[in-house]
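To start, the structure itself, in structure tokens.
Here is the naming used below: chain letters follow the sequence lines, and residue numbers restart at 1 for every chain. Note that this is a predicted model, so its numbers are computed, not measured.
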Amino acid sequence: MKELPPQYLPQDVEKRIYEQWMTAKIFEASETHKKSYTILMPPPNVTGVLHIGHALTCTLEDVLTRWKRMLGFNALWLPGTDHAGIATQMVVERKLFSEEKKSRHDLGREEFLKRVWQWKEESQTTIHSQIKMLGSSVDWTRLRFTLDDQASRAVRECFVRLFHENLIYRDEAMISWCPRCRTALSDLEVKFGERKGKLWHIRYALKGDAKKFLVVATTRPETLLGDTAVAVHPDDKRYKEFHGKTVVLPLMGREIPVICDEYVDKEFGTGALKITPGHDPNDYAIGKKHKLPILTLFDDGARINEVGGIYKGLSREKGRDTIVEDLKKAGLFEKEQDHSSNVGACDRCQTVVEPRVSRQWFVKAEVLAAPAIKAVEDKRIRIVPEEWEKTYFNWMRNIRPWCISRQLWWGHRIPVWYCGSCSHVMSATETPKACDKCRGTALTQDEDVLDTWFSSGLWPLSTLGWPDETEDLKRFYPSDVMETGFDILFFWVARMVMLGMHFKKEIPFHTVYLHPMVRDEFGQKMSKTKGNVKDPLEIIHTKGADALRFTLCAMAVHGRDVLLSDARIEGYRNFVNKLWNATRFVIMHFGDVTRSNVRLTDPVNGWILTRLNETKREMNAQLEQFRFDEAATTLYHFVWNDYCDYFIEFIKRKGEIDSRKGLKDSTALEVLEEILRLAHPIIPFVTEELWSHLPLKSDAKCVAVAQYPVKPLIGDFPEAQAQVGKMIEVMNAVRRVRGENNVANNQTVEVRVFAEEKVKAVFRPLMDCLADVTGASRLTLLDPSEELAFANEKLAVVGSMNIRVALPQGVGGDAAGDALRELQEARAALKKVTELLGRAGFADKAPAAVVLKEREKEQMLRVRIEQLEKTTGK
RNA sequence: GGGUCCAUAGCUCAGUUGGUUAGAGCGCUACCUUGACAUGGUAGAGGUCACAGGUUCGAGCCCUGUUGGACCCACCA
């Protein structure tokens, strides 16, 4: 047997172990005779490296996968990456600019895309190695990418079908435009935030009477260049005389009508609203209603175009300043007020978005939403934690058209062609040779690409081979659990449900488990600018992947953020080390035990086996409910408190260890083996390494494919459990007395246990052990009637028995005083219980068990008080 | 404006359907180089469960309100 070092050194172990698993091909979901269990990894973006949130996802999904694999499922955890349209294009553009001072247009579409593919390869390699470092048991043979051939085929198929079902359409509409990314965005990609600004009051003179004007209040004076009306509330008395009149647009001289619309809030600003249908969603609606002209004032980069006359070429910001100045000069400026309002910004680059009318492709999401809502209502899809269902419904029921076209280069090209001769629009999975209508061959493909979430939304289908009816699709669709963060519930989960329901007529997964966000120890969101990011790799390097994984599990509480602190990780690193050393100890003494030999005559054995069974039951139930935190805690307590602190300490006593070794008692070993199995899904590396040193290993070479403990090893032994439970209580009581009186460990005491015969019988088989663990030179079992003679010794009360401890000469204090104090306390407690029991209705309304307990308590207190009165004489 | 969630020990958090003395980790104090482990052991201190009412024999848990926080959704100039 190889000697284990006294400390677990993860660096020496992890890489080797992962390679072992790969060589043994245990991650491949190839055991098709078994029932399958499927998790599709939410594909990380190929924008760079993984962060701690990915580590959480990987850990939780790996725990589930490993657990189910050990339970005998054909477990598939399918890995992949996401091309992440805007995000990746942005990263590469930025890199290109900083390194070569070039824009993507300098390179051209083809060359630029080549660079992005290069970046993707590098980034993907990094990501894969990080996934491995975490110990993820993914099936690498099924690796996928949202822009690979299979995914592209699925995307085109999906688009074409929706197009022909009229669920995808092209329309001119008001959309959010990012002037930096120069693309349209969906509603979800715009994040609103309070921004400080001003409310400018501007005079719009009445046509024909320059002395009369309407004062308009606006937060965006620069858009006045595109105004096509001014609106007032029809009931607003102040503006009655303007109804039906025309005003002159300041600086431009254009004449625009004053219209009445109830949308206008009389209380806000001046009650007069300038209407810019081209650059404000509300104004657009009013403009449509009143059939106003729609002027587009800004170009793709949000610079003022020819509509703005002399202001052409100015940016939005510069335009605003210039226009305010000019208004002041022209005497058309009334005043300005501080005012903050909600402004939308690009989710990716934080640039303020420009609402803009443009021609884009949309999905009729409200049609797709209906079956997706129903699936969750019917609980065919279960969302965990359940609270998120409300959020899901709320969004789904108010869903709006989904803008899917992006004016980018990196992504799935929209499979739509326009005929140069007859303007026919057609959509097809393969590039058409000629126009369906006029047979003309001058076809041009749509320049735009699809929203990255369009392909992600197909992930459950495309990864398994759809649109082909592949074996994998039959076998693994729907998947079991979709494990991801709640921040992409709408972006991703909702879309997968919609598309899955539409194309497969079946749910894409049975359960959605939404994990919490990872924050720093103060609850702050991690961000590079704040400098509080925790790099998972650094943690793995310094403390080991298992410590990180255990921490993430232990903190994955439902409905709260994960607050990650170094102290916590260190604590769990210590736990891993504890397990390591417990194994060392067991191997050191029982390493040559090769046959199962559990002596059930020893209550300590029965006790630990019973506790083990409880632990198994709890952990399986907790994992079933995605309570990773509870499963981790259950394991932690069993290993540290029960197995190490008590079991090993009990058998470590002089004599006992030799006797066990002599008898080749296998209990310690067998319980340890079960511990390694139980722990493996959470801390795979250390358990696999330790497993290889065990002499027994009944059923598998790798713990990764050993059976997960479900059934009792031998059985439950309630009697032994009760015996040892009592012994632990006595032990703790004596230790407390020793501790409180500062009795050194090497000093012995005398312990007397006063109890009824029934209780005494419980202790007889444990006398030696109890004497040892309490540090007693003499341990005696006595009748309660004999206690009076020892009234001057220290007392501890445990359940229905009293324990007296005779301290060594020269230590300890005033036993009589203690007794008096206890008497007073007992009297007070008795009063309370009697009161409770006396209260009318208590016995009728309270459960019988509670009443019984209270009665018992009362009785015990009475007896105790009587004893104390005797000993103290009061 | 609508919605969701949270407030428990110095810190970060558990506490399942109301039921003995409200728990854990870290931190803190004292003692222990005990032959698996000082990344260890033993003991200890520390809580008006945010506040105010209510329901109940009984409330950290249920109800109402207040205060303080977090987040999501929403086009109010």
Exercise. Would A:T223 and A:K274 count as having a side-chain donor-acceptor pair, cut-off 3.5 Å?
Worked result: yes
For this session: Return the value, rounded to whole Å, for the distance between atom CZ of A:F650 and atom C1' of B:G41.
Result: 15 Å
Problem set entry | B:G1 and B:G15, which share atom name C1', separated by this distance in whole Å | 36 Å
Problem set entry | C1' atoms of B:A77 and B:C61, separation to the nearest Å | 47 Å
Seminar exercise, completed: Separation of B:G40 atom C1' from A:W580 atom CH2, nearest Å, is 17 Å
Exercise. With a 4.0 Å cut-off on heavy atoms, is A:N398 in touch with a base, just the backbone sugar-phosphate, or nothing at all?
Worked result: nothing
Seminar exercise, completed: Atom CE of A:M517 and atom P of B:U12 are separated, to the nearest Å, by 19 Å
For this session: Could you check whether A:R736 gets within reach of a base, just the sugar-phosphate, or nothing at all, counting any heavy atom under 4.0 Å?
Result: sugar-phosphate
For this session: Assign A:K652 to base, sugar-phosphate, or nothing according to its heavy-atom contacts below 4.0 angstrom with the strands shown.
Result: base
For this session: Sticking with atom C1', work out how far B:U48 lies from B:A9, rounded to a whole angstrom.
Result: 13 Å
Exercise. At under 4.0 Å between heavy atoms, what does A:T633 touch on the DNA or RNA strands: base, sugar-phosphate, or nothing?
Worked result: nothing
Exercise. Please give, in whole Å, the distance from B:A77 P to A:R220 CZ?
Worked result: 12 Å
Exercise. Looking for any heavy atom pair under 4.0 Å, which part of the strands does A:N732 touch: base, sugar-phosphate only, or nothing?
Worked result: sugar-phosphate
Problem set entry | No-hydrogen, no-angle side-chain donor-acceptor test under 3.5 Å, A:D261 and A:H290 | yes
Seminar exercise, completed: Scanning both residues in full, the closest heavy-atom pair of A:D227 with A:L249 reads CB-CD1, 3.6 Å
For this session: Identify whether any heavy atom of A:V576 sits under 4.0 Å from a base atom; if not, whether one sits that close to sugar-phosphate; answer base, sugar-phosphate or nothing.
Result: nothing
For this session: Evaluate whether atom CD of A:E267 has more than 12 neighbouring non-hydrogen atoms of other residues, nucleotides or ligands under 6.0 angstrom away.
Result: no
Exercise. Using a cut-off of 4.0 Å on non-hydrogen atoms, how would the nucleic acid contact of A:E570 be classed: base, sugar-phosphate, or nothing?
Worked result: nothing
Exercise. With rounding to whole Å, what would you report as the distance between B:G58 and B:U21 at their C1' atoms?
Worked result: 16 Å
For this session: Indicate, with a heavy-atom threshold strictly under 4.0 Å, whether A:Q7 touches base, sugar-phosphate, or nothing.
Result: base
For this session: Can you tell me, in whole Å, how much space there is between the P of B:A45 and that of B:A22?
Result: 13 Å
Problem set entry | Rounded distance in Å - CZ (A:R397) to P (B:G3) | 15 Å
Seminar exercise, completed: A:W640 CH2 to B:U42 P, in whole Å, measures 10 Å
Exercise. Between A:S186 and A:E189, does any side-chain donor sit less than 3.5 Å from a side-chain acceptor?
Worked result: yes
Problem set entry | Same-atom distance (C1') from B:G47 to B:A14, integer angstrom | 15 Å
Exercise. For the pair made of CH2 in A:W395 and P in B:A74, what is the distance, rounded to whole Å?
Worked result: 9 Å
For this session: Go ahead and name the base partner of B:G58; Watson-Crick or wobble counts if both distances stay under 3.5 Å, otherwise write none.
Result: none
Exercise. Over how many whole Å does the gap from A:F490 atom CZ to B:G3 atom P extend?
Worked result: 15 Å
Exercise. Which part of the nucleic acid, if any, lies within contact of A:I648, taking any heavy atom under 4.0 Å across all strands shown: a base, the sugar-phosphate backbone alone, or nothing?
Worked result: base
Exercise. Would the number of heavy atoms belonging to other residues, nucleotides or ligands and lying under 6.0 Å from NZ of A:K288 be above 12?
Worked result: no
